[in-house]
Amino acid sequence: MKYWLMKSEPEAFGIDDLANRPDQTEPWDGVRNYQARNMLRDEMKVGDEVLFYHSNCKEPGVVGIARIVKAGYPDDTAFNPDSKYHDPKSTADRPIWYRVDVALVRKLKRTIGLSELKLYPELADLALVRKGNRLSVMPVGEAEYRFILELE
DNA sequence: GCCAACGTTGGC
DNA sequence: GCCAACGTTGGC
C-alpha cells in the first residue's frame, strides 16, 4: 500500500464537500500536469491512503484522510467542450488525462497546518514542504504519513 | 494583492 | 532545440 497527499482548494472542493457527496466519494478530475497524471494513471491503487490537503486558503494544511476506491481511468472532463477542464488534444481513443476516485475515511480533529509540518526534520524530504513545489498530487512515505497523523 | 517558482507555449 | 514570454500555483 502506498500513501499520497492531494491538494484541493477548499473554496472549490474541500473536505466538507467530500463528506457531503453520495458515498462520500468523488472523482478526482481536472489534474492537468504530466507528473501528477503519471501518478494518477500508473501508481495510485485501490486501498492507498491519501492525506487531503487544503491549499490556497487561510489555513493551508492537512484536514482529512481519504482512500483510493478506483484506480486511474480516463478523465472525461477533458473530452467535454463545456468543461473548464476541456482539452481538445485528449480523446476517448487516446486519453491524455486520468483521474482516480477517492472516498473519505475521516476528517481530522484539527488542521495540521503547513507551517507546523515545516517544523519537523522528520518531514524535511516531504515534497510539500520543499520550496517551489507545485504538484497537486504527491507521494508520501509511510513513516512520514504516520508521523503526520500522530501530530493530530 | 504580491510575487517567487515553475510549467507550457511558440517564435526563431 | 533554445529561450523569452506568459500563465498558473499557492504561500504569505
Side-chain angles (χ1 to χ4, degrees), chain A residues 2-21 26-44 48-68 72-141 143-152:
Chain A
K2 289 183 180 151
Y3 301 91
W4 307 92
L5 182 144
M6 299 174 91
K7 293 179 184 171
S8 188
E9 301 189 13
E11 214 162 296
F13 188 84
I15 191 79
D16 289 324
D17 295 306
L18 183 60
N20 290 328
R21 282 291 190 267
E26 178 75 2
W28 203 273
D29 50 28
V31 174
R32 297 292 180 265
N33 169 283
Y34 283 100
Q35 234 184 309
R37 187 281 310 270
N38 293 344
M39 290 186 267
L40 291 168
R41 187 187 60 187
D42 306 330
E43 295 183 49
M44 303 179 87
D48 287 1
E49 288 192 5
V50 176
L51 297 172
F52 194 112
Y53 178 90
H54 279 175
S55 68
N56 204 9
C57 59
K58 196 168 182 183
E59 195 187 7
V62 177
V63 293
I65 305 171
R67 178 178 290 123
I68 308 294
Y73 63 106
D75 179 353
D76 64 16
T77 63
F79 311 149
N80 177 3
D82 296 329
S83 169
K84 62 175 171 176
Y85 300 127
H86 181 228
D87 181 352
K89 294 194 295 298
S90 183
T91 63
D93 281 351
R94 291 171 157 252
I96 297 175
W97 305 114
Y98 283 73
R99 62 184 167 192
V100 298
D101 289 356
V102 301
L104 182 69
V105 174
R106 66 180 176 88
K107 289 171 65 174
L108 298 189
K109 294 190 281 286
R110 69 181 186 89
T111 298
I112 302 171
L114 176 63
S115 57
E116 185 177 350
L117 297 174
K118 285 178 171 171
L119 295 176
Y120 299 99
E122 289 90 339
L123 301 178
D125 288 335
L126 201 63
L128 182 75
V129 304
R130 290 210 300 263
K131 189 169 154 187
N133 166 67
R134 287 171 50 184
L135 272 181
S136 62
V137 176
M138 67 190 78
V140 177
E144 293 164 325
Y145 182 84
R146 299 198 185 290
F147 185 89
I148 291 168
L149 289 183
E150 276 174 20
L151 297 173
E152 183 187 11

Rounded to whole angstrom units, what separation is found between the [atom1] atom of [X] and the [atom2] atom of [N]?
X	N	atom1	atom2	value
A:M6	C:dG10	CE	P	13 Å
A:L135	C:dT9	CG	P	12 Å
A:E116	C:dC12	CD	P	13 Å
A:W97	B:dG7	CH2	P	13 Å
A:R130	C:dG11	CZ	P	16 Å
A:N133	B:dG7	CG	P	10 Å
A:Y34	B:dT9	OH	C1'	12 Å
A:R32	C:dT8	CZ	P	14 Å

Give A:K58 one of three labels, base, sugar-phosphate or nothing, depending on what nucleic acid heavy atoms sit under 4.0 Å from its own.
nothing

Residue-phosphate contact under 4.0 Å: A:Y53 side-chain N/O, C:dG11 OP1/OP2
yes

Respond yes when some side-chain nitrogen or oxygen of A:K7 is under 4.0 Å from OP1 or OP2 of C:dG10, and no when none is.
yes

Check against side chain to side chain donor-acceptor pair (under 3.5 Å), A:D101 and A:Y73:
CA-CA 9 Å; A:D101 289 356; A:Y73 63 106; 2.5 Å; yes

When every non-hydrogen atom of A:V140 is compared with those of A:W4, the smallest separation belongs to CG2-C, 3.7 Å

Closest to the [X] side chain: [options]?
X	options	answer
A:S55	B:dG7, C:dG11, B:dT9	C:dG11
A:K131	C:dG10, B:dT8, B:dA5	B:dA5
A:K89	C:dG10, C:dG11, B:dT9	B:dT9
A:L114	C:dC12, B:dG7, B:dT9	C:dC12
A:Q35	C:dG10, B:dG7, B:dT8	B:dG7

Measure the acute angle between the ring planes of A:W28 and A:F13, then classify it against the limits of 30° and 60° as parallel, tilted or perpendicular.
perpendicular

Backbone N/O of A:K2 and side chain of A:D48: donor-acceptor pair under 3.5 Å
yes

Does A:N56 or A:G132 map to a spot on DNA chain B nearer the 5' end, using the closest nucleotide for each?
A:N56

Are a donor atom and an acceptor atom from the side chains of A:D75 and A:T77 found within less than 3.5 Å of each other?
yes

